[in-house]
Amino acid sequence: MGSAKNAMMEHQDRLMLATEYLVRKGVLQQCEVHHDVYEGNVDLDDEFWRYAMADKKRGANGPVAWAEDLKPREYTDLLVEARDSHFGDECGYCAKNRYRD
């Protein structure tokens with residue numbers, strides 16, 4: 001496998017972990033039935049970033065051990081990308097089933 005493909009797969013894995021982190025922090029919501037992830041009601045404000053960076057500084061013992069080797073800017077960019085890649089104010093599958101005629 002080429003190095004570009006490995007880098008892409010590693011990025012996708014980290015993006016998934018960042019999404020899971022944002023769900024745990026309440027920034028994103030996850031449907032209990034369909035496991036679809038969508039926007040929460042929390043913005044990435046200064047308080048969020050303070051806690052997110054403290055979590056990263058805990059290293060391998062912290063809740064974001066997967067981000068231990070990332071630079072702070074790479075970490076914050078990944079969290080923003082994870083948030084921006086999920087949109088809508090509810091699960092798409094639930095909304096689709098509710099509006100089905």
Enquirer: Could you pull out all donor-acceptor pairs under 3.5 Å where a side-chain atom in residues 64-72 meets a protein atom, sequence neighbours excluded?
Expert:
residue, atom, partner, partner atom, Å
D69, OD1, R14, NH2, 2.9
D69, OD2, R14, NH2, 3.0

Enquirer: With sequence neighbours excluded, what pairs up with Y93 under the side chain to side chain contact (heavy atoms under 4.5 Å, CB included) test?
Expert: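 Listed in chain order: H34, D36, C91.
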Enquirer: Please round to the nearest 0.5 Å and tell me the distance separating atom CG of L79 and atom CZ of F48.
Expert: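 Going from CG on L79 over to CZ on F48, the span is 5.0 Å.
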Enquirer: Sequence neighbours left out, what passes side chain to side chain contact (heavy atoms under 4.5 Å, CB included) with R73? Give chain and number order.
Expert: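 Only T76, D77 meet the side chain to side chain contact (heavy atoms under 4.5 Å, CB included) criterion with R73.
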Enquirer: Nearest 0.5 Å please: distance from the CZ atom of R24 over to the CD atom of Q30.
Expert: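 That separation rounds to 11.0 Å.
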Enquirer: Is there a chain of hydrophobic side chains (I, L, V, M, F, W, Y, each step under 4.5 Å between heavy atoms) that links V80 to M53?
Expert: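 Yes.
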Enquirer: To the closest 0.5 Å, what do you measure between CD (E32) and SG (C94)?
Expert: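 Going from the CD atom of E32 to the SG atom of C94 covers 10.0 Å.
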Enquirer: Once rounded to the nearest 0.5 Å, what's the spacing between atom CD of Q29 and atom CG of L22?
Expert: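 Between Q29 CD and L22 CG, I get 11.0 Å after rounding to 0.5 Å.
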Enquirer: For A82 versus L28, what's the shortest heavy-atom pair and its separation?
Expert: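 Closest approach of A82 to L28: O-CD1, 4.0 Å.
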Enquirer: To the nearest 0.5 Å, what is the distance between CD (E81) and NE2 (H86)?
Expert: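 If we round to the nearest 0.5 Å, E81:CD and H86:NE2 are 10.5 Å apart.
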Enquirer: Could you tell me the separation between the CG atom of L78 and the CZ atom of R83, rounded to the nearest 0.5 Å?
Expert: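 L78 CG to R83 CZ: 12.5 Å, rounded to 0.5 Å.
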Enquirer: Starting from W49, can I reach L17 by hopping between I/L/V/M/F/W/Y residues whose side chains sit under 4.5 Å apart?
Expert: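 Linked within one cluster.
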